[in-house]
Amino acid sequence: MTTYNPQQVELHAQKLWETHKSFEVKADDSREKYYCLSMFPYPSGKLHMGHVRNYTLSEVIARYQKMQGKNVLQPIGYDAFGLPAENAAIKHKKAPAEWTYANMQEMTAQFKRLGFAFDWSRELATCQPDYYRWEQWMFVQLFEQGLVYRKDSVVNWDPVDQTVLANEQVIDGKGWRSGAEVIRKTIPQWFLKITDYAEELLESLDHMPGWPDSVKTMQRNWIGKSKGLELDFQVENFGQISIYTTRPDTLYGVSYMAVAPEHPLALQAAENNPEMATFLQQCAKEQSNEAAMATMEKKGMYTGLDATHPLTGKKVPVWVANFVLMTYGTGAVMAVPGHDQRDFEFAQKYGLPITQVIDAEGDLSTAAITEKGVLINSETFNGMDFTQAFEAMAKQFKADGTGRVQINYRLRDWGVSRQRYWGCPIPIIYCDDCGAVAVPAEQLPVVLPENVEFDETGGSPIKRMPEFYATSCPKCAAPAKRETDTFDTFMESSWYYARYTCPQYSGGMLSEEADHWLPVDQYIGGIEHAILHLLYARFYHKVLRDQGLVKSDEPFVNLLTQGMVLKDGAKMSKSKGNTVDPQDLIEQYGADTVRLFSMFAAPPEQSLEWSDEGVEGAARYLNRLWFQVTTFNEAAAGQVFSLTGELDKAQQAMRLKVHQTIEKVTQDIGVRQTFNTAIAAMMELTNGISKFNDDSNNGMAIRQEAWSSLVKMISPFAPHMAQALWAAMGHSTILCDEMWPKVDPAALIQDEIEMVVQVNGKLRAKLSVAADASKAEIEALALADENVQKFVADKTIRKVIVVPNRLINVVVS
RNA sequence: GCCGGGGUGGCGGAAUUGGUAGACGCGCCGGAUUCAAAAUCCGGUUUCUUCGGAAGUGCGAGUUCGAUUCUCGCCCUCGGCACCA
């Protein structure tokens, strides 16, 4: 017997797989395909436990599916553009490309050491021109089709560093490096019309049974479809403002209007009013992200302008309010303090009238009444319910042309411009005469210069590199300037899963192979991507489809959202400095232990609070398994045992346990995706077999079947050890090419079943009952039990509930 | 603030369709082995208890013969909120 040496066993298995190209796959119509994908990593440095968990999850699924006989594609690559590389450039005076490539190399070595079944021949990195040229190409297509447009939009501006900051770089309203107060600045940026796809993105969610309900709900709410009225209000000395409301039934309760600080009306009001100008400046210092907007103190100022109420003709004051979003609806709202809590608070603060126009439960002296009900104080609309009022109002406004029914989405178009260096250049050229012109396809890619130097401010180097931006107009050949903004990195991560099907293809964005592999059968990634990445990728896939590049409607059939790996209660991330380095654990225990533990510690969808303790347990288990199997192999001495004749009770029980475990593990991996319980079941079986010391022929046959099944079932988790044990059993094949063990239905037949007896829901006895016993027999048996009698004796039996194969509940009083 | 999760022994977690709460593992306790220790193996381990039992799954109600599971109201916590990825 040899002792278990994980380092040796693991390197040996890895070499074996590499030599046999076990995980390099080609399109093969003779076998069912299975595309298993984990979200690719950002090359931040070393791997952390979140990575290990993520890739082990897809690994287990991929290896399991391969053992079901499928042609499994499991690729890997790097989401290589992004902010941390620029931060590192400032800090270490190293070009972002150099830092990124070094990290990729390090992470690749770690991935290989973990023995993941990746098809490395398909590796890609999004910062390579071969990759991003097609992203630029697609942008140009969309530009020409009108799915791309340019408009003014707000960014965080650091007035000291003279640079745009990411939300993450704004801490308590101040620039992370300069400490200066960040202000809102409006600059022109490029947008993709994701809202054109809002309806389909919403509707498709109803036909995606492989996605978790929670993610679908979040996406539905994010898209936020609503039906309302858009109404025009006339404002004297200004003109017309439009508002959108989903509650036209409360129109008679409007006591003021509110516009966003960036609204043209607000800007006009500030022209001759220094106080208003100061107020708008204050608003410009407030953060524009939704969380801040929703929680900050509600402030407003009267513009001095009044709107005319379209139904009553009365004057309604127009206010500027810091909580009105310019980006949603029309940037103006009607305020109904009686029936909207935010309007209510604002009205209370500024002494604006609060009137009740809906008859519903509530007390207007303390809070708004937000429930729907019958209209009151609403002239001819009195007595109508919400639906009647909505329709009647819609009809009336339509007739006089001042309002219309409108479907609105909360979803906004996707702003893809970033004023950063380390990203894919936006393929646009600005010409004084021709305007914004797309870079012609034959001039793509627009290559990002990689040898650059960063200054302290973190501003993009290409913005001061004429050799990059100076060019000529593709239309009129006059001197022109390239766009120096780059794409949002979500652009790269929105289609990489498709490019993996043909990573080296140079004839286009995607080859015909894309439709062989797509859609992805199983996608796995962090729950933090539930909305942004997953929605952008869904959108992009539909765009690819409409360009004729893929045939499917959705990119990911099944989605597994893994919980966060937490340390000290917070997301494990490099920026927080609370990461656990798996390298040390691999060196100490081996990759199999680290993989096994990351799957055993918690179910995949739950967040996992990391603790170093417990890894030991996984290592102990593998050691025990190694010892048990190698000891058995010695006893078996190369012989193959098969069952003959009748089995005794203990043998039957052992064989039952083996096949129950195969059934459970198969279900847990293949259907439930609860890998922690699969491992627990295998541990239980291991304990069971090691206590079953039957040396008879049938005993040996059962043990041989048990160990061999167990080695196969543990192989997705601990593939190196499993391979070594498989070889030690005398097999010359590669285990990952073998078929998954099958359940023998005959082994599952039981003639006696244990049932529980309750009296008034409390456990009082356990019974062993013949499998074919009738209800009456079971009932009689339960009532005959001594302990049951004790609790029943002096009472009246009201009823007896028999749940087949489970329990008997005797209800007494 | 809004949207979506989570809360069960000392700890990670299990209970798959409303049916034995605590599987499996960690830790701890006891024993074997050892000169000794580590490792390993065996046994025990929710709490209280008058040893009959009783209580118990964040808190408070409800539905049910029966609730960790369903309903309502709270509390705490994690993720997301459009420029972190």
Side-chain angles (χ1 to χ4, degrees), chain A residues 39 41-42 44 79 81-84 87 155-156 164-170 189 212-222 224 288-296 323 327 341-342 410-415 417-420 488-490 493 526-533 535-536 561 563-564 566 569-571 573-575 597 600-603 605-611 613-618 620-621 623-624 627 664 667-668 671-672 674 676-677 679-684 687 754-758 760-763 766 790 798-801 803 806-812:
Chain A
M39 292 179 187
Y42 178 77
S44 54
D79 187 15
F81 279 135
L83 191 57
N87 297 342
V155 294
N156 305 309
V164 174
L165 299 178
N167 285 342
E168 196 192 45
Q169 297 173 310
V170 181
Q189 306 204 66
D213 288 335
S214 58
V215 174
K216 287 189 282 190
T217 304
M218 278 192 267
Q219 291 210 349
R220 275 189 198 104
N221 293 336
W222 184 265
S288 59
N289 69 72
E290 202 184 310
M293 298 284 275
T295 48
M296 70 194 175
F323 59 82
T327 48
Q341 187 58 24
R342 194 177 56 185
R410 207 187 71 97
L411 181 70
R412 310 199 295 254
D413 275 335
W414 179 9
S417 294
R418 296 293 179 271
Q419 296 68 43
R420 305 250 173 73
D488 175 8
T489 55
F490 278 127
S493 56
I527 183 67
E528 69 271 25
H529 297 292
I531 293 172
L532 291 181
H533 161 60
L535 194 63
Y536 289 140
T561 49
M564 320 277 308
L566 306 176
K571 175 179 173 177
S573 74
K574 218 182 172 190
S575 58
F597 178 69
F600 183 55
E605 309 219 87
Q606 258 177 51
S607 60
L608 186 161
E609 173 67 34
W610 179 261
S611 81
E613 303 147 11
V615 184
E616 195 88 33
R620 260 202 299 256
Y621 172 68
N623 265 303
R624 213 162 56 234
F627 174 78
K664 176 162 175 60
Q667 176 83 4
D668 282 358
V671 182
R672 294 178 67 210
T674 51
N676 55 327
T677 53
I679 295 167
M682 288 189 272
M683 286 174 165
E684 237 179 296
N687 294 342
E754 186 180 76
M755 289 183 76
V756 159
V757 189
Q758 297 179 333
N760 284 350
K762 289 212 162 75
L763 178 68
K766 289 181 184 182
K790 230 164 70 184
R798 296 288 165 201
K799 60 173 153 180
V800 179
I801 291 151
V803 183
R806 284 198 184 268
L807 60 69
I808 303 110
N809 190 13
V810 185
V811 184
V812 297

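Protein chains get the first letters and strands the later ones, always in sequence-line order, with residue 1 at the start of each.
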What does A/Gln189 touch in the nucleic acid at a heavy-atom separation under 4.0 angstrom: a base, only the sugar-phosphate, or nothing?
-> base
For B/G25, does OP1 or OP2 lie under 4.0 Å from any side-chain N or O of A/Asn687?
-> yes
With rounding to whole Å, what would you report as the distance between B/A61 and B/G12 at their P atoms?
-> 27 Å
Identified pairing partner of B/G4, criterion: Watson-Crick or G-U wobble below 3.5 Å | B/C78
Assess whether one donor atom and one acceptor atom, taken from the side chain of A/Arg220 and the base of B/C3, lie less than 3.5 Å apart.
-> no
Short side-chain N/O contact from A/Asn676 to OP1 or OP2 of B/A14, under 4.0 Å = yes
With a non-hydrogen cut-off below 4.0 angstrom, is A/His533 in contact with a base, only sugar-phosphate, or nothing?
-> nothing
Watson-Crick or G-U wobble mate for B/A32, both contacts under 3.5 Å | B/U40
For A/Phe490, which contact category applies under a 4.0 Å heavy-atom criterion: base, sugar-phosphate, or nothing?
-> base
Give a yes/no on whether any side-chain N or O of A/Arg620 is located under 4.0 angstrom from OP1 or OP2 of B/G27.
-> yes
Given the P atoms of B/A55 and B/C2, what is the spacing between them in whole Å?
-> 39 Å
Are any of A/Arg418's side-chain N or O atoms less than 4.0 Å away from OP1 or OP2 of B/C83?
-> yes
For A/Asp79, answer base if it contacts any base atom (sugar-phosphate contacts may also be present), sugar-phosphate if it contacts only those atoms, and nothing otherwise; contact means non-hydrogen atoms under 4.0 Å.
-> sugar-phosphate
For A/Gln169 and A/Ala166, indicate whether the former's side chain and the latter's backbone hold a donor-acceptor pair under 3.5 Å.
-> yes
Pick base, sugar-phosphate or nothing for A/Lys762, based on heavy-atom distances below 4.0 Å to the nucleic acid.
-> sugar-phosphate
